[in-house]
Amino acid sequence: MATGENKSNKSSGSNPSLLRIASKIGGWTMLSRILGFVRDILLARVLGAGMLADAFFVAFKLPNFFRRMFAEGTLTVALVPVLSDERLKGEEQAHRFLNALATLLLIAVTGFTIIGILLMPWLLYLFAPGFADEPERWAMSLQLARWMFPYLAMISLAAMAWAVLNTYKQFAVPAASPALLNVAIILAAVVIAPQFDNPAHALAIGVVLGGFLQLAIQFPALRRIGWIPRLSLDFRQPAIAATMALFGPAVIAIAAVQLNILVGTILATLLDTGAVSYLYYSDRIVQLPFALFGIAMSTALLPTISAHLSAGNQLAAGEDLRSGLAWLSWITLPAVAGALYLAEPIVVTLFERGAFTHADSIATAHTLQAYAIGLIAFCWVKLLASACYAGKDAKAPMRYASISVGVNIVLAISLMQFWAYVGLALATSLAAFVNVAMLYLRLTKTYGPLLTGTTLKRLASATAASTLMVLCMAGFEQAVPFPATGTMQTAWLSAIITGAVGIFFAAALLMGERAFLMRFIKRRGHAS
């Protein structure tokens, strides 16, 4: 056990480098997510929430499911700790390792993509069994899934480049890359879709184009760090074996997280038309704070802790973990409160136009509230699992994620009987809390208490500030009701969110967070 309460003040503070990196990632992620919302607004307008939308979202989920399972999630957590060790042996050895690993990945994803296209009917039946009894929705989903599946190969190779760049503390290009997918889909919705009888076909072309752009932009960034990828069949390197040893359990762990989401989609296909779309749109909204806070902090934390542990400095690793957890919890609490209170205005403002009706807005808003309950748990799972992977412990996240899948399945089947698609979202949230509890207990055995007295006091002040923020939002809504027209809705939502953020930070200052906020603002200034 590395630390105790005597280190609480220091460890519950803010590591300047960690916050600076997380802030930079969060900034680029914000740009990508804004474009993502523009994308989803256009998708809602073009596809609505009916048969065509359900078919597109299920088809799009197929390559994304395997991307998260085999590439973006697993390869990153398996590659970063091993590459940190290899760099200590020299850049020539690190590049030799990367060339072999990139070649192995290229062979694997190319083969998997071809097999996936050939076996797509069986994959689709696994992902959307409820579509099998509806010939039109089934045929459309199958066609779109085959069109979009090559996206998997391109984004998997791009994801390896992201992991390499993160290890070299180059975070801008990996964080900005997802914006290119959104740009490509927006282009397809605005420019290409009007040329097609079926707009979903144009959007599928946009997805593949987005994958190509995300891969192409990596090569100049990799060249800047001195690595020009080359083919290599030198697969017998010990570092390859070490990566695979982490990759196997990580696949199961990440697959379990994705299965939690997939269970909801599969069960939603058994419900009335629109359920899949409600889950998709609400998940997209909750992904904004999750990406800004949870993914940004865990992305910064993984290479930082890996570097500390490679250098044998467990004390610094524990301090960074506590620092990241304290900041992440503090900033996520008001996001949870805001999403719960503003769910309906957010959904109406973003999506209610074209084929997306008011009834769709209400259904999506209720689903969003169920996901928002688990937002802080989603963020904690991402951060705590990254800490395990940084220490080359892939088995604990694997076990705990597998248990959470079982919990999610039981809860989803039970809760959907009462609350349909809302019950499915709520089950995902509750299962995430189970995963958090197990990860937290595991890491305290290595690093000691993660929530020290100072951190708990900070979280109490964030809770009080969030409560005051909600009360002020309620007062504003009473004085100025949510308008009925689109332009005014945007102005109203912008005003209430801006005011809520100001109230939260003002309340936090009054509750003793002045030093913490001033340090953070200065570090943001340095980062820019």
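Interatomic distance, L101 CG to Q237 CD, rounded to the nearest 0.5 Å: 9.0 Å. How far CD1 of I305 is from CG of N313: 11.5 Å, rounded to the nearest 0.5 Å. Here the CG-CE distance, from N198 to M140, works out to 4.0 Å after rounding to the nearest 0.5 Å. Residue D40 holds its CG atom at 4.5 Å from CZ of R284, rounded to the nearest 0.5 Å. The CG atom of L62 sits 10.0 Å away from the CG atom of L152 when rounded to the nearest 0.5 Å. Annotation: the span from S282 atom OG to Q287 atom CD amounts to 10.0 Å, rounded to 0.5 Å.
Closest of all the heavy-atom pairs between G206 and L181 is O-CD1, 4.5 Å. When all heavy atoms of A239 and V82 are compared, the pair lying nearest together is O-CG1, 3.7 Å. Heavy atoms only, all atoms of each residue included: M160 and L98 are closest at CE-O, 3.5 Å. Contact between S429 and G374 at its shortest, heavy atoms only, is OG-N, 3.4 Å. A pairwise comparison of heavy atoms in P121 and R146 identifies CD-NH2, 3.5 Å as the closest pair. The minimum heavy-atom distance linking T446 with Q314 is given by the pair O-NE2, 3.1 Å.
By the salt bridge (charged side-chain N to carboxylate O under 4.0 Å, His left out) test, K89 is found to be paired with E86, residues two or more places apart in sequence or in another chain being considered. Residues meeting the salt bridge (charged side-chain N to carboxylate O under 4.0 Å, His left out) test with R442, sequence neighbours left out: D393. With sequence neighbours left out, E91 forms a side-chain hydrogen bond (donor to acceptor under 3.5 Å, both in side chains) with R87, Y168. Every residue was checked against the side-chain contact (heavy atoms from CB on, under 4.5 Å) condition with A307, not counting sequence neighbours, and none meets it. Scanning for side-chain hydrogen bond (donor to acceptor under 3.5 Å, both in side chains) contacts around S329 gives W380, with sequence neighbours left out.
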Audit row: V286, F290, side chain to side chain contact (heavy atoms under 4.5 Å, CB included) steps and yes/no: CA-CA 6 Å; V286 86; F290 174 60; 5.7 Å; no

From CA spacing to verdict: side chain to side chain contact (heavy atoms under 4.5 Å, CB included), L279, L424: CA-CA 9 Å; L279 288 166; L424 299 179; 4.1 Å; yes

Test side chain to side chain contact (heavy atoms under 4.5 Å, CB included) applied to T243 and F97, step by step: CA-CA 10 Å; T243 304; F97 159 61; 3.3 Å; yes

Intermediate values then yes/no, side-chain hydrogen bond (donor to acceptor under 3.5 Å, both in side chains), D54 and S277: CA-CA 6 Å; D54 284 356; S277 301; 2.6 Å; yes

side-chain hydrogen bond (donor to acceptor under 3.5 Å, both in side chains) between H308 and E319, intermediate numbers included: CA-CA 11 Å; H308 286 320; E319 290 176 352; over 6 Å; no

Trace of the side chain to side chain contact (heavy atoms under 4.5 Å, CB included) decision for Y371 with L426: CA-CA 6 Å; Y371 276 134; L426 183 59; over 6 Å; no

Steps toward ring-ring contact (aromatic ring centres under 6.0 Å, His included) verdict (Y151, F66): CA-CA 10 Å; Y151 170 77; F66 291 110; over 10 Å; no

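Atom CZ of F235 has more than 12 heavy atoms from other residues, nucleotides or ligands within 6.0 Å. The number of heavy atoms from other shown groups lying within 6.0 Å of CZ (F112) is above 12. Around atom NZ of K392, more than 12 heavy atoms belonging to other residues, nucleotides or ligands sit under 6.0 Å away.
Annotation: side chain of L165 is in contact with side chain of Q218 (closest heavy-atom distance under 4.5 Å). V407 places none of its side-chain heavy atoms less than 4.5 Å from the side chain of F433. Side-chain contact between L375 and F293 is absent, with no heavy atoms from C-beta onward closer than 4.5 Å. Contact of the T428 side chain with the N408 side chain is registered, since non-hydrogen atoms from C-beta on lie closer than 4.5 Å. At a threshold of 4.5 Å between non-hydrogen side-chain atoms, the residues R236 and I240 do not count as touching. The side-chain heavy atoms of L383 and L325, taken from C-beta on, include a pair separated by under 4.5 Å. You'll find the side chain of T367 stays beyond 4.5 Å of the side chain of Y280, heavy atoms only. Taking the side chain as every heavy atom from C-beta outward, V276 and L271 never approach each other to under 4.5 Å.
Ring orientation note: the planes of W138 and Y125 are nearly perpendicular, at an angle over 60° on the 30°/60° scale.
For residues 97-121, the set of pairs meeting the side-chain hydrogen bond (donor to acceptor under 3.5 Å, both in side chains) definition, not counting sequence neighbours, comprises N99-W227.
Here the options are L384, L450, V434, T444, the test is side-chain contact (heavy atoms from CB on, under 4.5 Å), and the partner is L439; only L384 passes. Under the side-chain contact (heavy atoms from CB on, under 4.5 Å) test applied with R39, the options L203, I185, L187 reduce to a single match, I185.
Remark: the backbone N or O of A401 is paired with a side-chain donor or acceptor of S404 at under 3.5 angstrom.
You'll find the ring centres of Y400 and Y440 outside the 6.0 Å limit.
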